[in-house]
Amino acid sequence: MQSVPSCCCGVDDRTVPPTLRQTFVVGTVGTPMGEVPLVSASLMTADRWGGIKARWKVGRMNYRVQPGLYAMGSPNEDSPVMVTANYKMSFDFLRRELAGRNTWIMVLDTGGINVWCAAGKGTFGTVELVNRIETCGLSKVVKHRTVILPQLGAAGVAAHQVLRGSGFRVVYGPVRAKDLPAFLDNGLKATAKMREKTFTVRERIVLIPVELVAALPKSLIVLPGFFLVGGMLGPGPFRTTAAAHGILAAWAVLCTVLAGAVLTPILLPWLPGRAFSIKGLWAGLLTAALLVGFTWPDAAAPSQRLEILAWVLMISAGAAFLGMNFTGSSTITSLSGVKKEMRWAVPVEIAAVVSGLGLWAGSLLLA
Amino acid sequence: MEKLIYLKDVVTLDLDRGNCVGCGMCLIVCPHAVFAMGDGHARVVNRDACMECGACAMNCPSKAIEVKSGVGCAQAIINGMLGGKCECC
Ligand code: SF4
Ligand code: SF4
């Protein structure tokens, strides 16, 4: 929706105020630094639709707001300054929560990445913040010397260095934008609860689309191979054997993706084990049990049962792998931990897939 | 709310209480309540909850905290090993 030309083409347009031609801009506010775009607090259909698309990774990278200073309500030289990333969804959450208030919003250039990930990469960082305060002329727009940052930006910003570099004091706001009103009303004080990053069922469920979009195409790539090899190795005419073994393979791939990208995120706290691959393994066993339940009664020949068991092995290994991948979206895993987990999990997963493939081929030759 | 904790005893977080000036910044920025304040210095009370985001070390004005920070993301590590760039989060 919001496609704003990126500003990485060597042209230094830092001092140019953000364009008014963005859907959420409803006017301007005069400041000593010129006219600043006034943004509306209400999200329109386009904003909501854009958010949904971004969750499914459609146009996510172009989902950005132009960096710079914006106004909400009718701010003056005493109004608070909220800082955010130029990922449109971060910006939208912020303006929605600030409805009815008079504030400045300063948008940093993070290349369209959300606050947390950008902080991890250092683009939501000390240098960008100090430079942005400078180019926005913030010290002329407000009398006070305080900027309010989302707490999750702290991984990229050193508050004491910002103070030294710009004269502005960094105050870290709550983790969630929805706690902002309480934070502002409470004299810029966050409660312990506002400072904790949770990982609730809801927060995990919204991640599922991205997991699916990442996992499905990669898993579907292998399917034609199973049809082809199934048709060649199995007894009888190519078409019927290809269909028989290929369709089972398709169900198995679906079970794997369902386990790794849907069940693992949802059931995370309740799946046994601490390592995410173990959690994924349990989810895989769950869906594999379904597959067995549906196919076993019809599988009279030993070779058919062997084929099903081969899939149980491969589903478990695949789900463990996808579960391990979910570490990237989680808010609890550490780099050292993931490295430690991968050292043993990846070899085991690979070994399981290889033996599963071997069993599978063997079952076809047996038939 | 369920409290999820990842692997035990792997975190690289290190706090030098001798250097700590007790400013409380690490308590503010940590998203997993890893620190608490006691007798004028910060203290690690919830080590395994640390996700190595690096926010505490980044914002400690007296360099009392060390942590090998990075994103705990398998895909990024795989990409790194394959020589690609991180497409994490
Ligand atoms: S690295 Fe992050 S999670 Fe770990 S103690 Fe520091 S602020 Fe908390
Ligand atoms: S940020 Fe550093 S100096 Fe401040 S309390 Fe924490 S460890 Fe101590």
Side-chain angles (χ1 to χ4, degrees), chain A residues 113-114 116-122 125-126 151-161 163 170-172 175 190 192-193 195-201 210 214 268-270 274-277 321-342 345-346, chain B residues 1-14 21 23-37 46-63 65 67-82 85-89:
Chain A
I113 310 283
N114 71 57
W116 199 2
C117 292
K121 294 186 171 79
T126 308
Q151 187 191 323
L152 292 183
V157 175
H160 53 285
Q161 286 173 12
L163 182 63
V170 169
V171 171
Y172 288 110
V175 166
K193 227 180 136 196
R195 295 239 169 266
E196 272 208 62
K197 177 78 187 115
T198 53
F199 204 33
T200 58
V201 171
V210 170
L268 200 71
W270 303 288
R274 282 170 183 264
F276 277 39
S277 19
F321 182 82
L322 291 178
M324 190 182 75
N325 260 343
F326 189 58
T327 51
S329 300
S330 83
T331 56
I332 60 162
T333 55
S334 59
L335 179 62
S336 313
V338 176
K339 278 191 174 157
K340 183 182 178 188
E341 169 170 352
M342 287 177 74
V346 173
Chain B
M1 185 206 89
E2 344 73 59
K3 180 89 184 166
L4 279 156
I5 298 276
Y6 190 45
L7 306 186
K8 271 191 167 163
D9 301 328
V10 283
V11 169
T12 54
L13 181 67
D14 201 21
V21 295
C23 68
M25 205 58 181
C26 51
L27 274 73
I28 290 178
V29 296
C30 178
H32 288 300
V34 169
F35 302 97
M37 196 58 82
N46 207 356
R47 174 182 213 85
D48 289 333
C50 170
M51 60 178 303
E52 300 182 329
C53 67
C56 52
M58 183 69 118
N59 282 279
C60 174
S62 61
K63 298 203 171 68
I65 303 176
V67 58
K68 262 204 225 116
S69 64
V71 220
C73 165
Q75 193 59 51
I77 296 171
I78 294 175
N79 288 348
M81 287 190 306
L82 296 178
K85 57 178 177 59
C86 167
E87 57 161 273
C88 187
C89 51

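Since the structure is predicted, the reported quantities are computational estimates derived from the model, not experimental observations. A, B, ... follow the sequence lines: proteins, then strands. Residue 1 opens every chain.
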Next item on the list: Against chain A, label C56(B) side chain, backbone, both or neither, depending on which of its atoms sit under 4.5 Å from a heavy atom there.
Entry: neither
Notebook entry, point to check: Would you say M324(A) and V346(A) make side-chain contact, with heavy atoms under 4.5 Å?
Noted result: yes
Check: Between S69(B), C30(B), P61(B), which shows the greatest number of heavy-atom pairs under 4.5 Å with chain A?
Finding: P61(B)
Notebook entry, point to check: Using non-hydrogen atoms only, which part of V157(A) is less than 4.5 Å away from chain B: side chain, backbone, both, or neither?
Noted result: backbone
Check: Hey, does the side chain of Q151(A) reach the backbone of R195(A) with a donor-acceptor pair shorter than 3.5 angstrom?
Finding: yes
Next item on the list: Tell me, for M342(A) versus chain B, whether the close heavy atoms (under 4.5 Å) come from the side chain, the backbone, both or neither.
Entry: side chain
Item checked: Pairwise side-chain contact, V175(A) with E196(A), heavy-atom cut-off 4.5 Å (strictly under) -> no
Check: Within a strict 4.5 Å, meaning less than it, do heavy atoms of the H32(B) and I332(A) side chains meet?
Finding: yes
Next item on the list: Let me know if Q161(A) has heavy atoms under 4.5 Å from chain B in its side chain, its backbone, both or neither.
Entry: neither
Check: Hey, is the main chain of L335(A) close enough, under 3.5 Å, to the side chain of E52(B) for a donor-acceptor pair?
Finding: yes
Notebook entry, point to check: So S329(A) and V210(A), side-chain contact (heavy atoms from CB on, under 4.5 Å) or not? Walk me through it.
Noted result: CA-CA 9 Å; S329(A) 300; V210(A) 170; 5.5 Å; no
Note to self: At a heavy-atom distance under 4.5 Å, which candidate from A159(A), S336(A), A192(A) has the highest pair count against chain B?
What the structure shows: S336(A)
Next item on the list: Please determine, among K8(B), K68(B), M25(B), M58(B), the option with the most heavy-atom pairs under 4.5 Å with chain A.
Entry: M58(B)
Margin query: Between L7(B), V10(B), N59(B), who has the most heavy-atom pairs with chain A when the cutoff is under 4.5 Å?
Written below: N59(B)
Checklist line | Heavy-atom pair count under 4.5 Å with chain B, highest-scoring of T126(A), L152(A), T331(A) | finding: T331(A)
Check: F321(A) versus chain B, heavy atoms under 4.5 Å apart: side chain, backbone, both or neither?
Finding: side chain
Margin query: Can you classify the ring geometry of F276(A) versus Y6(B) as parallel (below 30°), tilted (30 to 60°) or perpendicular (above 60°)?
Written below: perpendicular
